[in-house]
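The basis for the numbers below is simple: all heavy atoms, side chains too, and nothing from hydrogens, waters or symmetry mates.
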Amino acid sequence: MTLPLALTQGDPSGIGPELTLRAYAARAVAALPPFFVIADPAQLARVGQALGIDVPIETTTPAAAVATFARALPVVPVGAAVRGDFGVPQPEDAAATMRSIEAAVESVVRGDARAVVTNPIAKSVLYAAGFAHPGHTEFLGELATRHYGGPYRPVMMLWSDELAVVPITIHIPLVEAPRRLTRALIVETGEIVARDLALRFRLAKPRLAFSGLNPHAGEDGALGREEIDTITPAIEALRAKGIDAVGPLPADTMFHKAARAKYDVALCPTHDQALIPIKTLAFERGVNVTLGLPFVRTSPDHGTAFDIAGKGLADATSLIEAIRLAARMTA
């Protein structure tokens with residue numbers, strides 16, 4: 001029997017519960033594989049009733065989730081009552097949000113699930129409950145080390161049919177990016193991306209394209225030396241390892257359609273260089289994929305959207321695509 005996917009609750013005051021219900025409601029049309037969500041069944045039922053989403057909910061176990069999926073949304077209790085007021089994040093729900101992530105990973109470790117799909121969290125809410133990580137990705141890296149040894153270095157990739165991108169530096173102030181952008185970081189990131197594109201996406205020889213940090217990729221040093229001193233030597237090191245890597249390319253000319261056809265993934269020195277193009281091309285369909293872990297994790301490429309929580313406006317397309325991609329990567 002094919003294992004189900006483990007879906008986390010995300011922040012219950014955001015749109016995660018609504019997305020989960022809508023994804024299950026669309027399971028036949030979207031041809032979704034079986035999944036279960038680790039959440040508070042009563043809170044999910046309240047959301048469905050408030051928004052008029054007629055989805056049957058059944059409390060179950062991971063082992064029974066596939067059989068349950070045909071008749072009801074399988075919910076594995078997170079072990080706590082969740083308040084989840086629409087649009088008003090509750091600090092008392094933070095522990096359940098973190099526990100849901102831990103339990104999803106544990107399900108994969110035990111062999112009860114094939115991959116983890118995470119609903120959006122609000123880091124600011126979790127910090128008060130002792131969350132000590134910059135985000136989901138880093139927390140998953142710690143959980144991987146906890147269960148599999150390690151250490152593991154997670155890499156964030158945003159994926160869509162049109163474009164896949166990797167920010168080499170992520171959630172740091174822009175002014176710090178040049179200092180953090182080392183040859184070692186670029187080489188390590190490139191190695192992880194190339195390995196996982198081959199392993200998880202079954203690309204025989206992944207094509208990696210690196211953008212420059214500066215305008216016009218530094219214009220031979222006239223606009224900055226990071227390309228000469230750091231990025232180019234790192235690309236050469238990757239090529240010496242047999243990895244198909246090109247660049248540094250000017251970031252303003254590498255994302256049009258003809259340019260995208262020449263590579264499988266774009267790696268960019270800064271967060272916005274990578275995320276602006278994909279969120280422009282595929283905002284509703286982009287998927288956040290964590291590479292470099294011993295298990296597959298995908299997530300919608302958006303946040304908790306507290307401003308529309310409870311209004312019935314949430315679009316489940318990105319979550320549906322995340323579920324599909326997790327299944328594809330573990331087929």
Side-chain angles (χ1 to χ4, degrees), residues 133-142 144-145 148 150-160 163-174 176-201 203 205-214 217-218 224 226-251 254-255 260 262-279 286-299 301 325 329:
H133 307 278
H136 245 140
T137 302
E138 295 82 2
F139 185 34
L140 289 162
E142 180 197 289
T145 299
Y148 293 91
Y152 293 92
R153 219 275 280 177
V155 170
M156 182 174 75
M157 180 173 77
L158 283 297
W159 178 92
S160 69
L163 175 66
V165 298
V166 170
I168 300 172
T169 65
I170 308 179
H171 299 120
I172 60 171
L174 185 58
E176 292 186 21
R179 180 174 59 84
R180 302 275 191 96
L181 190 71
T182 64
R183 294 186 194 183
L185 176 64
I186 296 170
V187 170
E188 183 184 34
T189 302
E191 288 178 317
I192 292 169
V193 172
R195 184 191 68 221
D196 273 21
L197 285 185
L199 175 66
R200 305 293 192 187
F201 288 80
L203 297 178
K205 193 171 180 61
R207 300 169 299 166
L208 279 57
F210 288 81
S211 81
L213 172 69
N214 298 297
E226 286 82 4
E227 287 76 13
I228 295 172
D229 297 336
T230 305
I231 302 175
T232 295
I235 293 172
E236 291 172 348
L238 288 168
R239 288 177 184 154
K241 295 173 180 287
I243 294 172
D244 186 347
V246 299
L249 306 173
M254 66 181 289
F255 294 109
R260 298 197 308 270
K262 298 177 181 178
Y263 58 81
D264 297 306
V265 60
L267 294 90
C268 302
T270 67
H271 178 279
D272 284 7
Q273 281 179 311
L275 269 64
I276 288 173
I278 192 169
K279 290 194 175 186
V287 178
N288 186 338
V289 185
T290 305
L291 307 179
L293 298 178
F295 54 85
V296 167
R297 177 263 181 158
T298 65
S299 181
D301 180 24
L325 185 60
M329 292 173 68

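With sequence neighbours left out, the side chain to side chain donor-acceptor pair (under 3.5 Å) criterion links Thr169 to no other residue. Remark: Phe295 pairs with no residue by the ring pair (Phe, Tyr, Trp, His ring centres under 6.0 Å) rule, at least two apart or across chains. Residues satisfying the side-chain contact (heavy atoms from CB on, under 4.5 Å) criterion with Pro178, sequence neighbours excluded, are Leu213, Glu226. Looking at residues two or more places apart in sequence or on another chain, you find a salt bridge (charged side-chain N to carboxylate O under 4.0 Å, His left out) between Arg207 and Asp264. The salt bridge (charged side-chain N to carboxylate O under 4.0 Å, His left out) search around Arg180 returns Glu176, not counting sequence neighbours. For the side chain to side chain donor-acceptor pair (under 3.5 Å) test, residues two or more places apart in sequence or in another chain that qualify with Thr189 are Arg153. Applying the side-chain contact (heavy atoms from CB on, under 4.5 Å) rule to Leu325 yields the partners Trp159, Phe201, Val287, Val289, Thr298, Arg328, Met329; only residues at least two apart in sequence or on another chain are considered. Not counting sequence neighbours, the partners of Asp229 by the side chain to side chain donor-acceptor pair (under 3.5 Å) test are Arg225. Legend: residues meeting side-chain contact (heavy atoms from CB on, under 4.5 Å) with Ala274, ordered by chain and number and at least two apart, are Val165, Pro167, Cys268. Applying the side-chain contact (heavy atoms from CB on, under 4.5 Å) rule to Thr232 yields the partners Glu236, Pro248; only residues at least two apart in sequence or on another chain are considered. With sequence neighbours left out, Thr137 forms a side chain to side chain donor-acceptor pair (under 3.5 Å) with no residue at all.
The CE atom of Met156 sits 5.0 Å away from the CG atom of Leu275 when rounded to the nearest 0.5 Å. Rounding to the nearest 0.5 angstrom, the gap separating the CZ atom in Arg179 from the CD1 atom in Ile172 is 7.5 Å. Expressed to the nearest 0.5 Å, how far CG of Leu163 lies from CG of Leu158 amounts to 9.0 Å. Here the CG-NE2 distance, from Asn288 to His136, works out to 9.0 Å after rounding to the nearest 0.5 Å. Atoms CD and OG, from Gln273 and Ser211 in turn, are 4.0 Å apart once rounded to the nearest 0.5 Å. Note that the CG atom of Asp196 and the CG atom of Leu203 stand 11.0 Å from one another [nearest 0.5 Å].
Between His271 and His171, the angle of the ring planes lies from 30° to 60°, which puts this pair in the tilted group.
Nearest heavy atoms, Gly286 versus Ser160: CA-CB, 4.5 Å. Across Tyr152 and Gly292, no two heavy atoms sit closer than the pair CD2-O, 3.6 Å. Considering every non-hydrogen atom in both Pro154 and Gly141, the closest pair reads CG-CA, 4.0 Å. In plain terms, the two heavy atoms of Ala217 and Pro250 that are nearest each other are CB-N, 3.9 Å.
Here the side chain of Tyr263 pairs no donor or acceptor atom with the backbone of Val246 at under 3.5 angstrom.
Taking the side chain as every heavy atom from C-beta outward, Met157 and Leu197 approach each other to under 4.5 Å.
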Worked check of side chain to side chain contact (heavy atoms under 4.5 Å, CB included) between Phe210 and Ile168: CA-CA 10 Å; Phe210 288 81; Ile168 300 172; 4.1 Å; yes
Verdict with supporting geometry, Arg183 and Ile186, side chain to side chain contact (heavy atoms under 4.5 Å, CB included): CA-CA 5 Å; Arg183 294 186 194 183; Ile186 296 170; 5.9 Å; no
Side chain to side chain contact (heavy atoms under 4.5 Å, CB included) evaluation trace for Val166 with Leu208: CA-CA 10 Å; Val166 170; Leu208 279 57; over 6 Å; no
Going by atom type alone, with no hydrogens or angles, which donor-acceptor pairs under 3.5 Å involve a side-chain atom of residues 237-244 and a protein atom two or more places apart or on another chain?
{"from": "Arg239", "atom 1": "NE", "to": "Ala245", "atom 2": "O", "distance (Å)": "2.7"}
{"from": "Arg239", "atom 1": "NH2", "to": "Ala245", "atom 2": "O", "distance (Å)": "3.2"}
{"from": "Lys241", "atom 1": "NZ", "to": "Glu191", "atom 2": "OE2", "distance (Å)": "3.2"}

